[in-house]
Asker: 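First the structure, then my questions, so here it is.
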Amino acid sequence: MISHAIPLFLFLSSGLSFTPCPLLGPAYPPFSLDLKDEIIASSLQNLTQDFDELTKTFSGPNGDVSPNTTFSIVLFSTDKGDAQDDPFFWQYHYTSPALKESSGSSENVTENSIYRIDGLTEVFTIWSLLITQGDRILSEPVTEYLPELASASEDNGIGSVQWDDVTVGQLASHMSGIARDYCGHDLSSQKNFKLAGFPDIPAFELPCCGNSSQCTTSEFLQSLATRPPVAPAGVTPSYSNMGYQLLGYILEKKTGLDFSEIVQNNIFDPLGMNATTIFAPESSSIDVIPVDVQASGWSQRTKGSEASTSMFSSVRDLALAGKAIMNSTLLSSSQTRRWLKPFSHTSNPANSIGAPWTVYSSGNYPTTPLVDVYTLLSNEGVGEGLYSSYIGLVPDYGVGYAILSADTISPADLNVHADYTATVLEGAIKSSLVQAAGNFGGKYAASNSTSNSSTITVLYDALPGLYIGDFYSNGADMRNSLGELIGVTNSTNLSIRLYPTQLIEDDGASGSKQAFRAVLQDMDAPEDFDTPTCVSWMSLDVFQYGGRGLDEFIFSLDTTGKVVSVDIPALKLTLQKK
Ligand SMILES: *[C@@H]1O[C@H](CO)[C@@H](O)[C@H](O)[C@H]1NC(C)=O
Ligand SMILES: *[C@@H]1O[C@H](CO)[C@@H](O)[C@H](O)[C@H]1NC(C)=O
Ligand SMILES: *[C@@H]1O[C@H](CO)[C@@H](O)[C@H](O)[C@H]1NC(C)=O
Ligand SMILES: *[C@@H]1O[C@H](CO)[C@@H](O)[C@H](O)[C@H]1NC(C)=O
Ligand SMILES: *[C@@H]1O[C@H](CO)[C@@H](O)[C@H](O)[C@H]1NC(C)=O
Ligand SMILES: *[C@@H]1O[C@H](CO)[C@@H](O)[C@H](O)[C@H]1NC(C)=O
Ligand SMILES: *[C@@H]1O[C@H](CO)[C@@H](O)[C@H](O)[C@H]1NC(C)=O
Ligand SMILES: *[C@@H]1O[C@H](CO)[C@@H](O)[C@H](O)[C@H]1NC(C)=O
Ligand SMILES: *[C@@H]1O[C@H](CO)[C@@H](O)[C@H](O)[C@H]1NC(C)=O
Ligand SMILES: *[C@@H]1O[C@H](CO)[C@@H](O)[C@H](O)[C@H]1NC(C)=O
């Protein structure tokens, strides 16, 4: 995985020396994607122009691409907005002249064109596991479900996996430390392999079943069990297709169904993903097959790889899947929140590991907050096929991308394509700030008060969150009182920033409520330098009055979503929006 350099938050060049310490999560309340919004419309227009330029010159600010790379890309959103009827709100397709010459292939690729998606299969494997088994299973040892692994493993040496130590969740998050692949990658098995330094070995017997297309599951497990590990379980991320092959076996064993039936029944059918299959579909005019079926990897069908690298799909179907994941269509919201979280760091501070996500943390801490992009890139390289595929989800803003591609020489590095979408993510964030400022920003006052003795003013600037300016409770200046609590003697130096907690109450005919928490900071405190000390999560809810947190602000919205008032429970205040 090549790391991106998405220049997020360029627009937040506020010139303020103050560094806010926001909560993890979206900086603004849920927004509505409006394609007519000036910022969104302009960023989409620019994106189309960027791709027009890229497919004319094959180079650009994110790097070069090959004219031989055919690709389809879509952007999708969980918000109904005005993109309601389509699975996505923007698309772009490029058909390489080389593809048009390939026999059996699409003439022009579209949203319905079918590509091989290889490693993106993993998303559907773990998703099916969560739908059918829940996530308790993630902390169980693998040997609970596949006991033959433990008995097949020989000794306690460096060459054996301690299968009792490996959990199902570690298989899903590439933390199991087990071998990467089953037996496809042995260089000695390549005809005419000649590089200096490699000893001659007799016709090498791969430690897998003789003819793998005839192996039974138990024969597979016998040979998988004896492959040497990379590391003990839980030590370091180490990508493993074999881990997902094992998850497939666990699913089949638990449900008594074939993997293909499991994903069909639980995901493809409910979501209407009619173009997605395990292994190559019946040949049709929408297939994307560069060179020929052999060279492209289209016809490659490794038994046992159903749950790791077998799938074929279209960008339309991946958009349906991405939206359903972020919108908790097939899982509970609490389950989705647990799934869309990192499981481990990697050695790259910008990347964490999920199941199976590579979580890319964009933003430029500590100047800006993090925005996590849950990505999966499948790009196996020469020898495996000519396809690469990429999906990215931004749960905080409900937007995502899917990119499918096929090259004629070697799989494309889709980071170049993905990086262009950063402008739209920036646009979505900017647009959510503008919407939040318009709706939540302004003056609030007690309705029964003849003077302005209880008031707050909600403001915004270029930084994450909203902030409170004037703040009076029963005539007393709360900025002074709160400043004293955290030791800020001059209250002009007190920052009170509001961040949404995503506690939302739908009260039907009487509207809804959204809770925020305030983070108090001394704007004059020295900036973080080498050792970041942003720990606002440790002081949430710390000051209580009458059993309620002083940092609690609950906004009431009417049925049209318009903010009407704010409650400050600790101060027993209800202030109407003026
Ligand atoms: C689109 O591109 C124009 C011209 O480069 C630029 O001025 C504008 O800010 C861009 N729009 C967005 C939303 O980035
Ligand atoms: C594109 O494909 C042509 C013909 O297959 C090949 O000669 C050329 O080197 C390829 N270009 C790149 C950049 O891969
Ligand atoms: C997402 O879920 C909400 C609430 O269940 C629903 O109203 C909305 O239509 C869903 N959006 C999509 C794109 O499915
Ligand atoms: C493919 O695109 C070209 C150029 O836009 C067009 O001339 C041609 O008719 C298209 N072919 C099909 C089958 O749609
Ligand atoms: C492996 O089995 C498949 C399916 O039975 C068969 O088509 C193929 O020829 C066999 N390959 C070898 C090397 O025996
Ligand atoms: C899948 O359904 C969509 C929308 O109904 C349709 O446009 C598309 O042609 C279908 N694809 C396949 C492969 O049946
Ligand atoms: C205003 O209303 C609040 C309750 O909403 C009440 O506690 C307070 O005493 C009232 N103030 C005056 C001046 O009537
Ligand atoms: C409102 O409060 C401000 C700040 O204390 C004060 O300057 C102003 O005179 C007050 N206005 C009224 C109408 O009481
Ligand atoms: C507080 O700080 C502001 C801004 O630096 C300054 O104008 C003001 O005089 C200070 N007030 C006190 C009481 O020191
Ligand atoms: C904070 O207050 C001090 C005086 O107490 C003042 O010198 C300084 O400029 C203030 N800083 C900010 C950011 O207002």
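Worth knowing before you read on, the calculation uses all heavy atoms, side chains too, and leaves out hydrogens, waters and symmetry mates.
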Asker: Start with the C-alpha distance between Leu330 and Leu271, add both sets of side-chain angles, then the distance that settles side chain to side chain contact (heavy atoms under 4.5 Å, CB included), and finish with yes or no.
Answerer: CA-CA 9 Å; Leu330 303 176; Leu271 299 181; 4.0 Å; yes
Asker: Judged by modelled atom types alone, do Thr95 and Thr70 share a side-chain donor-acceptor pair under 3.5 Å?
Answerer: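 Looking only at side-chain atoms, Thr70 and Thr95 do not form any donor-acceptor pair under 3.5 Å.
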Asker: Please list all pairs meeting salt bridge (Lys or Arg N to Asp or Glu O under 4.0 Å) that have one or both residues in residues 325-348, counting only residues at least two apart or in different chains.
Answerer: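 Only Asp135-Arg338 qualify under salt bridge (Lys or Arg N to Asp or Glu O under 4.0 Å).
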Asker: Between Ser378 and Gly119, is there a donor-acceptor pair closer than 3.5 Å when you use the side chain of the first and the backbone of the second?
Answerer: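 Yes, because the side chain of Ser378 sits within donor-acceptor range (under 3.5 Å) of the backbone of Gly119.
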Asker: Here's a test for you: under side chain to side chain contact (heavy atoms under 4.5 Å, CB included), which of Ser176, Ser344, Ser240 qualifies with Gln170?
Answerer: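 With Gln170 as partner, side chain to side chain contact (heavy atoms under 4.5 Å, CB included) holds for just one option, Ser176.
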Asker: Among residues two or more places apart or on two chains, list those pairs meeting salt bridge (Lys or Arg N to Asp or Glu O under 4.0 Å) that have a residue in residues 48-71.
Answerer: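 As it turns out, there is no salt bridge (Lys or Arg N to Asp or Glu O under 4.0 Å) pair with a partner in residues 48-71 once direct neighbours are skipped.
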Asker: With sequence neighbours excluded, tell me which residues meet side chain to side chain donor-acceptor pair (under 3.5 Å) with Ser332.
Answerer: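 So Ser332 forms a side chain to side chain donor-acceptor pair (under 3.5 Å) with Ser334.
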Asker: What distance do Leu340 atom CG and Leu331 atom CG have between them, rounded to the nearest 0.5 Å?
Answerer: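 Result: 9.0 Å between the selected atoms.
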Asker: Taking the side chain as every heavy atom from C-beta outward, state whether Val315 and Ile403 have any atom pair closer than 4.5 Å.
Answerer: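 They are not in side-chain contact.
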Asker: Within the 4.5 Å heavy-atom criterion, are Leu146 and Leu221 side-chain neighbours or not?
Answerer: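 Yes, their side chains come closer than 4.5 Å.
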Asker: Checking the side chain of Asp79 only, and the main-chain atoms of Leu33 only, is there a donor and an acceptor separated by less than 3.5 Å?
Answerer: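 Yes; at least one donor-acceptor contact below 3.5 Å.
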Asker: Would you find a donor on one side and an acceptor on the other, under 3.5 Å apart, between the side chain of Ser352 and the backbone of His345?
Answerer: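 Judged by distance alone, no pair lies under 3.5 Å.
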Asker: Taking Glu219's backbone N and O only, do any of them form a donor-acceptor pair with Thr216's side chain (distance below 3.5 Å, no angle check)?
Answerer: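 Yes, Thr216 side chain to Glu219 backbone: donor-acceptor pair under 3.5 Å.
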Asker: Can you name the nearest heavy-atom pair linking Tyr387 to Ser296, along with the distance?
Answerer: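 Where Tyr387 meets Ser296 most closely, the heavy atoms are CE1-O, 3.2 Å.
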Asker: Looking at CD1 of Ile286 and CD1 of Ile114, how far apart are the two atoms once the value is rounded to the nearest 0.5 Å?
Answerer: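 Separation between the atoms: 4.0 Å.
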Asker: So that I know where these two stand, are Tyr401 and Tyr390 an aromatic pair - ring centroids less than 6.0 Å apart?
Answerer: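 Yes.
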Asker: Could you give the distance from CD (Glu111) to NE2 (His93), rounded to the nearest 0.5 Å?
Answerer: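 If I round to the nearest 0.5 Å, the distance is 6.0 Å.
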Asker: Quick one, Asn327 with Thr78, criterion side-chain hydrogen bond (donor to acceptor under 3.5 Å, both in side chains). Give me CA distance, side-chain angles, the key distance, then yes/no.
Answerer: CA-CA 6 Å; Asn327 213 26; Thr78 54; 4.7 Å; no
Asker: Give a yes or no on whether the backbone of Asn241 and the side-chain of Asp181 come within a donor-acceptor separation of less than 3.5 Å.
Answerer: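 No; zero donor-acceptor contacts below 3.5 Å.
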Asker: Val373 versus Leu393: any side-chain heavy-atom pair under 4.5 Å?
Answerer: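 Answer no - side chains too far apart.
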Asker: Given side chains that start at C-beta, do those of Leu138 and Leu129 come closer than 4.5 Å, heavy atoms only?
Answerer: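 Side-chain contact under 4.5 Å: yes.
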Asker: Quick check: does any side chain N or O of Ser314 sit under 3.5 Å from a backbone N or O of Asp317, one acting as donor and the other as acceptor?
Answerer: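 Such a contact is found between Ser314 side chain and Asp317 backbone.
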Asker: For Ala319 and Pro87, work out which heavy atoms get closest and say how close.
Answerer: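 Heavy-atom minimum between the residues: CB-O, 3.6 Å.
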Asker: Assess whether side chain to side chain contact (heavy atoms under 4.5 Å, CB included) is satisfied between Ile40 and Asp34, documenting all intermediate values.
Answerer: CA-CA 7 Å; Ile40 300 285; Asp34 178 2; 5.9 Å; no
Asker: Any chance the side chains of Trp90 and Thr48 put a donor and an acceptor closer than 3.5 Å?
Answerer: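 Yes, Thr48 and Trp90 have a side-chain donor paired with an acceptor closer than 3.5 Å.
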Asker: What do you reckon, are the aromatic ring centroids of His417 and Phe71 less than 6.0 Å apart?
Answerer: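 They qualify: ring centres under 6.0 Å apart.
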Asker: Quick one: does Phe124's side chain get under 4.5 Å of Ile117's, heavy atoms only?
Answerer: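 Yes, side chains in contact.
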Asker: Just to verify, which of Leu247, Ile137, Leu246, Leu251 counts as forming a side chain to side chain contact (heavy atoms under 4.5 Å, CB included) with Tyr145?
Answerer: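 It is Ile137, the one option of Leu247, Ile137, Leu246, Leu251 that forms the side chain to side chain contact (heavy atoms under 4.5 Å, CB included) with Tyr145.
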Asker: Looking at CE of Met311 and CG of Asp118, how far apart are the two atoms once the value is rounded to the nearest 0.5 Å?
Answerer: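 Met311 atom CE to Asp118 atom CG measures 11.5 Å (nearest 0.5 Å).
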Asker: Is the backbone N or O of Gly177 less than 3.5 Å from a side-chain atom of Ser238, with the two atoms forming a donor-acceptor pair by type?
Answerer: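 No; zero donor-acceptor contacts below 3.5 Å.
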Asker: Quick one: do Val359 and Ile353 satisfy side chain to side chain contact (heavy atoms under 4.5 Å, CB included)? Show the steps, please.
Answerer: CA-CA 6 Å; Val359 191; Ile353 294 285; over 6 Å; no
Asker: Tell me the closest heavy-atom pair linking Gly248 and Ala307, and the distance in Å.
Answerer: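 What the structure gives for the nearest pair is CA-CB, 3.5 Å.
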Asker: Rounded to the nearest 0.5 Å, how far apart are CZ of Phe31 and OG of Ser432?
Answerer: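 Phe31 atom CZ to Ser432 atom OG measures 5.5 Å (nearest 0.5 Å).
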Asker: Please report the shortest heavy-atom distance between Arg316 and Gly272, naming the atom on each side.
Answerer: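 For Arg316 versus Gly272, the nearest heavy atoms are NH1-O, 4.2 Å.
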Asker: Looking only at the side chains, is there a donor atom on one of Ser405 and Tyr115 sitting less than 3.5 Å from an acceptor on the other?
Answerer: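 Short answer, no.
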Asker: Can you see whether Asp372 engages Ser361 through a side-chain donor-acceptor pair at a distance of less than 3.5 angstrom?
Answerer: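 Asp372 vs Ser361: donor-acceptor pair found between side chains.
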Asker: For atom CD of Glu38, decide whether the heavy atoms of other residues, nucleotides or ligands shown that lie under 6.0 angstrom number more than 12.
Answerer: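 Open: at most 12 neighbouring heavy atoms sit under 6.0 Å from CD of Glu38.
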Asker: Quick check for you: to the nearest 0.5 Å, what is the distance between Asp37 atom CG and Ser431 atom OG?
Answerer: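 Result: 3.5 Å between the selected atoms.
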Asker: Are Phe279 and Phe312 close enough that their ring centers fall under 6.0 Å?
Answerer: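 Centroid separation for Phe279 and Phe312: 6.0 Å or greater.
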Asker: Is there a donor-acceptor pair under 3.5 Å between the side chain of Thr121 and the backbone N or O of Ser310?
Answerer: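 Such a contact is found between Thr121 side chain and Ser310 backbone.
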Asker: Among Trp357, Phe343, Tyr239, whose ring pair (Phe, Tyr, Trp, His ring centres under 6.0 Å) with His174 holds?
Answerer: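 So the option named by the test is Tyr239.
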Asker: Tell me which pairs pass side-chain hydrogen bond (donor to acceptor under 3.5 Å, both in side chains) where either residue lies in residues 123-134, with sequence neighbours left out.
Answerer: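 Qualifying pairs: none.
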Asker: Any side-chain heavy-atom pair from Leu318 and Val74 closer than 4.5 angstrom?
Answerer: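 No. Closest side-chain heavy atoms not under 4.5 Å.
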Asker: Indicate the atoms forming the closest heavy-atom contact of Thr69 with Ala412, along with that distance.
Answerer: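 Distance-wise, the nearest heavy atoms are CG2-CB, 3.5 Å.
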Asker: Is any side-chain heavy atom of Phe268 closer than 4.5 Å to a side-chain heavy atom of Thr277?
Answerer: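 Side-chain contact under 4.5 Å: no.
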Asker: Please examine the side chains of Thr167 and Pro141, heavy atoms only from C-beta on, and report whether any two atoms are closer than 4.5 Å.
Answerer: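 Not touching, per the 4.5 Å side-chain cut-off.
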Asker: Between Phe89 and Leu44, is the side chain to side chain contact (heavy atoms under 4.5 Å, CB included) condition met? List the steps.
Answerer: CA-CA 9 Å; Phe89 63 86; Leu44 291 176; 3.8 Å; yes
Asker: Where the side chain of Arg116 meets the backbone of Thr309, is there a donor-acceptor pair that is under 3.5 Å apart?
Answerer: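 Such a contact is found between Arg116 side chain and Thr309 backbone.
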Asker: For Thr408 versus Leu386, what's the shortest heavy-atom pair and its separation?
Answerer: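 Here Thr408 and Leu386 meet closest at O-CD1, 3.9 Å.
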Asker: Any side-chain to backbone donor/acceptor pair from Ser106 onto Ser113? Under 3.5 Å, distance only.
Answerer: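 Side chain of Ser106 to backbone of Ser113: no pair is present.
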Asker: If you look only at pairs with a residue in residues 242-260, which of them pass as a side-chain hydrogen bond (donor to acceptor under 3.5 Å, both in side chains), with sequence neighbours excluded?
Answerer: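 Those involving residues 242-260 are Gln245-Tyr249.
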Asker: With Asp396, which residues qualify under side chain to side chain contact (heavy atoms under 4.5 Å, CB included), at least two apart?
Answerer: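 Testing Asp396 for side chain to side chain contact (heavy atoms under 4.5 Å, CB included), a comparison that skips the adjacent residues, returns Pro26.
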